[in-house]
2 protein chains.
Amino acid sequence: MHSLHDEVLTRLREFIVEGNLAAGARVPERLLCERFGISRTPLREALKVLASEGLIDLLPNRGARVRRIGEREIVELFDVMGGLEALAGRLACERITETAFAEIERLHHEMYGHYLRRDLHGYFACNQAIHDRIVQAADNAPLSATYASFAGRLRRARYSANLDANRDRWGEAMREHEEILDALRRRAGAELSDILFRHLRNKRRAAADREAASPSEATAGENA
Amino acid sequence: MHSLHDEVLTRLREFIVEGNLAAGARVPERLLCERFGISRTPLREALKVLASEGLIDLLPNRGARVRRIGEREIVELFDVMGGLEALAGRLACERITETAFAEIERLHHEMYGHYLRRDLHGYFACNQAIHDRIVQAADNAPLSATYASFAGRLRRARYSANLDANRDRWGEAMREHEEILDALRRRAGAELSDILFRHLRNKRRAAADREAASPSEATAGENA
DNA sequence: TCCCACAAAATTGCATTCATTTTTTGCAGA
DNA sequence: TCTGCAAAAAATGAATGCAATTTTGTGGGA
């Protein structure tokens with residue numbers, strides 16, 4: 001689709017998710033119009049959509065502001081992600097093909113290699129790939145879309161459970177992934193569902209701990 | 001907020017969810033503008049949002065059409081609802097207050113009364129209320145919003161698992177609700193989560209069976 | 001009768017314009 | 001210097017205008 005609105009929507013979403021605008025900052029219509037080389041109409045349409053996605057707030061007569069995500073909301077978003085992954089795992093157990101499972105297994109072993117070599121970057125890439133593959137294997141379009149949307153919101157909050165700062169958690173996460181693979185191999189849906197939710201919970205806890213240790217701008221000035 | 005856009009969005013969403021527009025039908029901008037007494041700009045903004053919510057399709061240069069929901073997608077939506085309720089149940093076990101639980105328990109007994117009296121209408125009202133209370137008890141804003149959105153999409157498809165046509169299912173559903181209340185009472189999160197997902201699965205299956213028995217316009221002409 | 005080409009009408013996407021509201025600026029008075 | 005207020009400037013919300021695309025209607029030819 002070569003719709004101007006859609007392109008602006010995608011680009012603006014990317015722009016915000018990537019954190020190019022400070023939290024709480026005004027989203028300057030005029031400036032963005034110039035940046036994208038369009039008039040206000042399509043930009044405003046995109047803003048309404050982004051607001052419905054929860055990325056920005058729309059204050060009546062006061063324009064759009066990048067949504068400020070507080071501690072509380074991050075916890076809530078993590079829990080929803082956990083619920084969605086739990087669902088994905090359960091559905092994946094019902095539908096996953098042998099080849100798709102083999103691919104996840106391969107990624108798992110590759111990830112283990114990164115773990116042994118203490119290669120954080122490679123580990124994260126595999127980790128993300130595995131979770132994405134599980135969602136893909138669930139083969140449920142609305143689920144995939146919702147998952148992507150929430151992942152974007154969390155990414156905007158710049159919350160990466162940086163294991164480097166919390167090495168104990170790394171081993172724990174690796175063990176959890178062993179359980180994940182095992183449950184998936186046995187196609188134990190309910191079990192995998194439970195493991196995945198707890199996995200996300202632990203990830204959230206690790207992120208929270210890390211945040212408590214070195215608070216970033218995400219928490220500072222939250223009630224400004 | 002007295003924003004024209006927001007009011008139009010809400011009204012138009014309601015209008016579509018309630019099924020006032022036939023599936024696959026064109027959404028006539030001009031007509032709706034007159035009906036709502038507004039110009040095209042705020043209406044078009046609302047259309048973009050509704051498209052992002054999955055209620056309508058936006059074809060480039062061809063206007064908006066009410067989204068046609070096929071069998072496949074209904075199954076997918078039911079599964080997501082199941083996943084969301086499963087999550088809500090788990091979170092509710094962690095956070096629910098005694099008074100909130102007591103209210104659900106009361107609704108449960110009231111529902112049981114309707115069941116005994118074969119009062120389908122009262123039964124459904126209580127049933128819905130219980131599920132809503134569980135989501136409320138989860139106390140998670142993004143979850144509540146997502147749940148409401150999916151509920152709307154399913155409602156648009158006019159899928160009510162009409163127990164009247166499938167009396168066997170009624171008893172089964174009632175037993176499942178006994179399990180739900182029991183797990184919630186024991187604050188058994190993982191268990192409740194599992195029961196709720198299976199509960200929705202069974203509801204979906206009942207709906208599908210009923211649909212197979214007497215196919216409505218929702219399935220007829222799906223590939224038109 | 002059926003089919004296709006072609007022009008008229010309607011519809012869409014986006015830009016521009018206009019009225020209101022908010023925000024900033026400037027200045028008088030304490 | 002600081003405060004309060006009024007006017008200017010800017011920004012927002014919505015309507016209108018305009019070019020481009022699609023849809024509809026009609027007539028000619030097979």
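Side chains are part of it too, since the values below use all heavy atoms of this structure and drop only hydrogens, waters and symmetry mates. Each chain gets a letter, A, B and so on, in the order its sequence line appears, and its residues count up from 1.
- The distance between atom CD of E7(A) and atom P of dG13(C), rounded to the nearest whole Å, is 15 Å.
- With R201(A) as the fixed residue, the side chain to side chain contact (heavy atoms under 4.5 Å, CB included) test singles out one of L196(A), D79(A), V75(A): D79(A).
- Spacing between atom CG of L43(B) and atom C1' of dT16(D) amounts to 15 Å, rounded to whole angstrom units.
- In this structure, CZ of F36(A) is placed 14 Å from P of dC14(C), rounded to the nearest angstrom.
- Considering R65(A), R40(A), R62(A), R35(A) in turn, R40(A) is the only one that fulfils the salt bridge (charged side-chain N to carboxylate O under 4.0 Å, His left out) rule with E29(A).
- Atom CD in E45(A) sits roughly 8 Å away from atom P in dG13(C) (whole-Å rounding).
- At the phosphate of dG13(D), neither OP1 nor OP2 sits under 4.0 Å from any side-chain N or O atom of R62(A).
- When all heavy atoms of L87(A) and V80(B) are compared, the pair lying nearest together is CD2-CA, 3.7 Å.
- Within a 6.0 Å radius of CD in E94(A), other residues, nucleotides and ligands contribute more than 12 heavy atoms.
- Between the CD atom of E34(A) and the C1' atom of dA15(C) there is a distance of 15 Å, rounded to whole Å.
- Side-chain nitrogen and oxygen atoms of R30(A) include none within less than 4.0 Å of the OP1 or OP2 phosphate oxygen of dA10(D).
- For R44(B), a side-chain nitrogen or oxygen approaches OP1 or OP2 of dG13(C) to under 4.0 Å.
- The line from CD of E76(A) to CG of L143(B) is 9.0 Å long, rounded to the nearest 0.5 Å.
- Taking the six-membered ring where the residue is Trp, H199(A) and H131(A) present parallel rings, their angle staying beneath 30° rather than reaching 60°.
- One atom, CD of E29(A), and another, C1' of dA10(D), lie 12 Å apart when rounded to the nearest Å.
- Here the nucleotide nearest the side chain of R26(B), chosen from dT23(C), dT12(C), dC14(C), is dT12(C).
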Taking only nitrogen or oxygen atoms into account, show me every contact under 3.5 Å that the protein makes with nucleotides 16-18 of chain C, one pair per line with its distance.
unit_1  : atom_1 : unit_2 : atom_2 : d
dT16(C) : O4     : T41(A) : OG1    : 3.3

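- Minimum heavy-atom separation, F197(A) to G83(A): CD1-N, 3.8 Å.
- Distance CG (N61(A)) to P (dT12(D)): 10 Å, rounded to an integer number of Å.
- In the set dC14(C), dG13(D), dA14(D), the nucleotide with an atom closest to the side chain of P42(B) is dA14(D).
- For L47(B) and dT12(C), the CG to P distance is 9 Å, given to the nearest whole Å.
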